[in-house]
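Here's the structure, in structure tokens; my notes come after.
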2 protein chains.
Amino acid sequence: MARLPTIDDVARAAKVSRQTVSNVLNTPAIVKPSTRKRVEVAIRKLAYRPHASARRLRMRKSSTIAIRLDPMTNGISGALLDRFLHALTEQADARGIRILLFTAADPAAEIEQIRKLRAGADVDAFVLTATFHGDPRTEWLVENDVPFVTFGRPWGANDMNDPSHLWVDVDGFAGMREATIHLIDEGSSRIGFIGWPSLSGTGDDRRRGWQTAVKERLAFGDDDLAALDLSVEDRLEDARDAVVALLPSDERIDGLVCASDTLALGAMIAAASVGRSDLPIIGFDNSPVGQAIGLSSVDQTLDEVAAGALELLLGETGGDLVHRDAAAGNTRHRLITPHLVSRQPLRLLAPDAVSTPTATKNAVGNHRNGKE
Amino acid sequence: MARLPTIDDVARAAKVSRQTVSNVLNTPAIVKPSTRKRVEVAIRKLAYRPHASARRLRMRKSSTIAIRLDPMTNGISGALLDRFLHALTEQADARGIRILLFTAADPAAEIEQIRKLRAGADVDAFVLTATFHGDPRTEWLVENDVPFVTFGRPWGANDMNDPSHLWVDVDGFAGMREATIHLIDEGSSRIGFIGWPSLSGTGDDRRRGWQTAVKERLAFGDDDLAALDLSVEDRLEDARDAVVALLPSDERIDGLVCASDTLALGAMIAAASVGRSDLPIIGFDNSPVGQAIGLSSVDQTLDEVAAGALELLLGETGGDLVHRDAAAGNTRHRLITPHLVSRQPLRLLAPDAVSTPTATKNAVGNHRNGKE
DNA sequence: TTCAAAAGTTTGATCGTTCAAATCTTGAGT
DNA sequence: ACTCAAGATTTGAACGATCAAACTTTTGAA
């Protein structure tokens with residue numbers, strides 16, 4: 001294949017100068033219609049495309065946003081970030097923005113990667129996921145004036161309204177509250193909550209949604225709240241074992257809401273194994289697993305999350321980066337309200353080996369075990 | 001933030017010329033050790049990073065590989081490409097290569113995107129997924145001399161060894177054969193196959209794996225093969241309904257192998273609903289769903305697939321593109337052998353509503369329905 | 001000591017684009 | 001016809017790196 005055509009080739013073909021071609025491409029309004037048409041024909045004929053690297057070198061921007069992709073896919077709900085990535089790519093594409101992926105083992109390595117990408121003018125801005133309290137990454141980014149937006153609130157109290165920190169998040173409180181109220185409307189009157197240990201801001205937010213609903217609508221007291229509030233790690237087996245212990249202790253429980261689909265699935269299995277396979281259970285994330293198994297779940301509308309993230313970074317419509325100070329007056333964050341997707345569940349019957357969870361998996365094959 | 005340091009800043013600080021700094025970075029061997037050290041110190045002190053766009057403009061390469069990311073996540077097995085993407089990103093990162101995402105609604109749009117990315121010198125090479133027979137994309141890429149590798153064989157007979165088409169694929173035949181033989185070793189003697197209609201090369205490949213195993217080890221005749229070979233679309237409901245019909249028709253069936261986890265999950269539900277929840281079933285893909293539900297499955301070792309793809313594009317170790325003709329003598333493709341991951345399954349009990357599949361889902365919520 | 005070859009370093013040109021300033025063209029008002 | 005401003009187009013410089021060739025220094029053998 002011959003050398004790709006440059007702007008000069010087009011200029012020659014249309015008998016105009018470089019700059020006029022450039023103007024046709026970037027500011028068509030200032031070019032006389034007749035010449036513009038001539039140039040456009042030449043562009044089409046030569047199938048000319050601007051050389052992105054050259055443009056970047058001159059303009060000092062790349063129309064590219066980077067996001068870290070973790071090596072490991074952590075089970076059921078792990079696909080959430082993948083779904084976000086799909087939505088983000090799609091939305092970005094519509095704005096002429098592209099998504100670059102990178103990996104990093106830890107926050108320090110991620111910062112180094114960011115520095116490299118940034119210095120190379122490869123990337124205009126960054127999308128951070130899985131932020132945590134006192135995250136060193138956001139601190140560094142603010143300090144070095146690197147544009148970014150996070151999927152996830154900064155949970156530190158004063159950070160929440162820090163104008164230099166743009167963020168989008170899903171309103172776990174509202175989602176969990178809607179789920180709980182839905183169960184109440186369907187007739188449940190004693191609803192338990194399966195969540196994570198009280199370290200994660202996200203988990204506590206969802207827990208408060210349940211608390212608020214049962215206090216308002218079922219007049220739960222503190223005793224009830226404590227008795228029906230379970231905290232386990234986000235593992236199917238842990239949720240299962242916890243719920244197996246919970247249900248016989250309180251026969252009146254007639255509903256469960258869970259902080260994730262993983263927990264919900266564990267709860268479903270537990271309920272079935274103690275003869276309560278009719279127990280209504282609602283999860284969170286609307287994962288593919290949940291969809292397949294007929295689990296009702298709170299759906300994080302990731303399209304809206306992705307759109308919000310790009311809006312904060314790039315403004316309402318364009319593809320150009322808005323400097324964060326220039327966005328004065330606009331909100332610096334978006335809180336997306338998720339919505340319940342209700343399904344008729346499959347009923348599960350647990351395996352015989354509920355009591356020996358570690359034995360439920362074993363790899364076979366001559367080369368390597370399956371990783372999760 | 002002040003202007004980022006350039007190579008000239010470093011040169012000045014180290015009292016050498018541009019080019020020497022460049023040499024320290026790219027061909028350190030030809031620089032005298034004493035000066036090299038001086039330059040390295042200056043680089044560290046200024047925290048200098050080469051400007052990627054400038055380098056690309058000069059070198060005409062980008063160290064970036066692009067891959068299309070589909071907007072939709074099609075259910076259970078759809079996550080396969082996501083898992084591949086994770087593996088690819090990780091492996092690429094180790095070689096100093098980055099992954100750029102783009103979207104396209106159809107093959108024609110994808111070709112246009114590729115043309116744009118290519119012309120902009122944004123991307124050195126492309127990874128194509130979900131190739132099909134007579135794929136216009138591969139044709140165009142070969143014709144325009146654009147480097148690429150596909151995840152998926154070209155199923156056209158002569159294309160398979162076309163030296164200009166690099167490909168990596170998973171050996172579905174071997175995987176399905178292993179799965180079938182595993183069931184036989186565990187005591188099954190009449191094993192059915194649930195696959196896709198005979199259009200997809202992938203599906204037929206897996207079917208042949210089952211056929212070969214049961215012919216060799218169970219001495220199946222053509223009648224048996226036909227009676228135990230089901231073809232349905234890759235939907236849980238379809239598989240369920242088909243298996244519900246199959247099992248009562250032949251009481252001796254004591255095992256099923258399926259072309260995907262989606263089908264396998266449908267089969268599990270069907271088996272449970274006709275009182276055969278003990279029926280051994282093996283899926284394909286080792287999806288997160290399957291992992292959660294304890295489904296035995298054939299795992300596509302995507303690490304190896306990703307590594308293979310990069311090896312074909314870039315050679316054994318480096319980050320530099322190998323021109324496909326320069327790779328003469330080496331193989332132009334990789335066929336990865338997948339391996340069975342055996343698990344103890346949860347037993348499922350189907351819902352009452354098996355007979356009315358369309359009613360198993362309904363969205364609730366005041367704003368919008370959950371999309372899939 | 002001399003000189004050519006090898007090793008090390010510097011200079012000028014170049015990649016393809018956009019910006020800033022300069023130049024040329026058009027048109028209205030007098 | 002003349003002037004001046006606004007409109008349209010062109011030219012030179014810059015972005016930050018690498019390549020190729022020129023130049024300078026060191027090395028080793030006669």
Side-chain angles (χ1 to χ4, degrees), chain A residues 2-40 42-43 46-64 116-122 124 319-320, chain B residues 2-40 42-43 46-64 116-124 320:
Chain A
R3 186 179 60 81
L4 292 167
T6 76
I7 201 169
D8 279 307
D9 296 324
V10 176
R12 218 164 2 247
K15 299 200 195 306
V16 294
S17 71
R18 281 197 315 279
Q19 186 59 38
T20 300
V21 178
S22 175
N23 287 337
V24 169
L25 254 34
N26 300 312
T27 50
I30 71 163
V31 179
K32 187 156 78 171
S34 60
T35 37
R36 180 168 58 212
K37 231 150 258 165
R38 200 149 35 94
V39 171
E40 278 162 352
I43 287 176
L46 298 182
Y48 165 76
R49 301 263 162 230
H51 192 291
S53 290
R55 170 177 277 169
R56 284 209 271 270
L57 173 59
R58 195 63 180 76
M59 309 247 285
R60 302 163 152 280
K61 62 159 238 181
S62 63
S63 297
T64 301
K116 215 183 297 180
L117 290 169
R118 176 91 177 131
D122 265 323
D124 289 338
D320 284 331
Chain B
R3 189 178 58 82
L4 292 167
T6 75
I7 201 169
D8 279 306
D9 296 324
V10 176
R12 218 162 5 245
K15 299 198 194 307
V16 294
S17 70
R18 286 196 310 282
Q19 186 59 39
T20 301
V21 178
S22 174
N23 287 338
V24 168
L25 254 35
N26 301 310
T27 47
I30 70 162
V31 179
K32 187 156 78 169
S34 60
T35 37
R36 180 169 56 210
K37 230 151 260 167
R38 202 148 35 93
V39 171
E40 279 163 351
I43 287 176
L46 298 182
Y48 165 77
R49 303 258 163 234
H51 191 291
S53 290
R55 170 177 277 168
R56 286 210 271 269
L57 174 58
R58 195 61 177 80
M59 309 248 285
R60 303 163 149 280
K61 62 161 240 185
S62 64
S63 298
T64 301
K116 213 184 298 179
L117 290 170
R118 176 90 177 131
D122 265 323
V123 181
D124 288 338
D320 285 331

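Worth knowing before you read on, the calculation uses all heavy atoms, side chains too, and leaves out hydrogens, waters and symmetry mates. Residue numbers start from 1 in every chain, and the chains themselves are labelled A, B, ... in the order their sequence lines are given, proteins ahead of strands.
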Gap separating the [atom1] atom of [X] from the [atom2] atom of [Y], nearest 0.5 angstrom:
X	Y	atom1	atom2	result
A:Thr6	A:Arg18	OG1	CZ	10.0 Å
B:Leu4	B:Arg49	CG	CZ	11.0 Å
B:Ile7	B:Thr20	CD1	OG1	9.5 Å
B:Ser62	B:Leu117	OG	CG	9.5 Å

Measuring only between side-chain heavy atoms, which start at C-beta, is [X] closer than 4.5 Å to [Y]?
X	Y	result
A:Val24	A:Glu40	yes
A:Tyr48	A:Leu25	yes
A:Leu57	B:His51	yes

What is the distance, to the nearest angstrom, from the [atom1] atom on [X] to the [atom2] atom on [N]?
X	N	atom1	atom2	value
B:His51	C:dG16	NE2	P	17 Å
B:Arg56	C:dG16	CZ	C1'	14 Å
A:Ile7	C:dG16	CD1	P	11 Å
B:Arg38	C:dT9	CZ	C1'	11 Å
A:Arg55	C:dC15	CZ	P	19 Å
A:Arg60	C:dT17	CZ	P	18 Å

Hey, can you pull the donor-acceptor pairs under 3.5 Å for the side chains in residues 28-38 of chain A, sequence neighbours left out?
{"from": "A:Thr35", "atom 1": "OG1", "to": "A:Lys32", "atom 2": "O", "distance (Å)": "2.7"}
{"from": "A:Arg36", "atom 1": "NH1", "to": "A:Pro28", "atom 2": "O", "distance (Å)": "2.7"}
{"from": "A:Arg38", "atom 1": "NH1", "to": "A:Ala14", "atom 2": "O", "distance (Å)": "2.6"}

Contact boundaries on DNA chain D for chain A, cut-off under 4.0 Å to non-hydrogen atoms
D:dA8 to D:dG16
Taken in chain and number order and not counting sequence neighbours, the residues that satisfy side-chain contact (heavy atoms from CB on, under 4.5 Å) with A:Asn26 are A:Ser22, A:Arg55
Applying side-chain contact (heavy atoms from CB on, under 4.5 Å), can you list everything that pairs with A:Arg12, at least two apart in sequence or on another chain?
A:Asp8, A:Asp9
Axial bend angle, the helix from C:dT1-D:dA30 to C:dT30-D:dA1: five-pair end segments, nearest 10°:
50°
Is the backbone of [Y] close enough, under 3.5 Å, to the side chain of [X] for a donor and an acceptor to pair up by distance?
X	Y	result
A:Asp124	A:Lys61	no
B:Thr64	B:Val123	no
B:Ser53	A:Arg56	no

Residues from residues 13-22 of chain A sitting under 4.0 Å of DNA chain D, heavy atoms only?
A:Val16, A:Ser17, A:Arg18, A:Gln19, A:Thr20
Sorted by number, the residues of residues 26-37 of chain B with heavy-atom contact under 4.0 Å to DNA chain D
B:Asn26
Is it the case that the base of C:dT14 and the side chain of B:Arg58 share a donor-acceptor contact (distance under 3.5 Å, atom types as modelled)?
yes
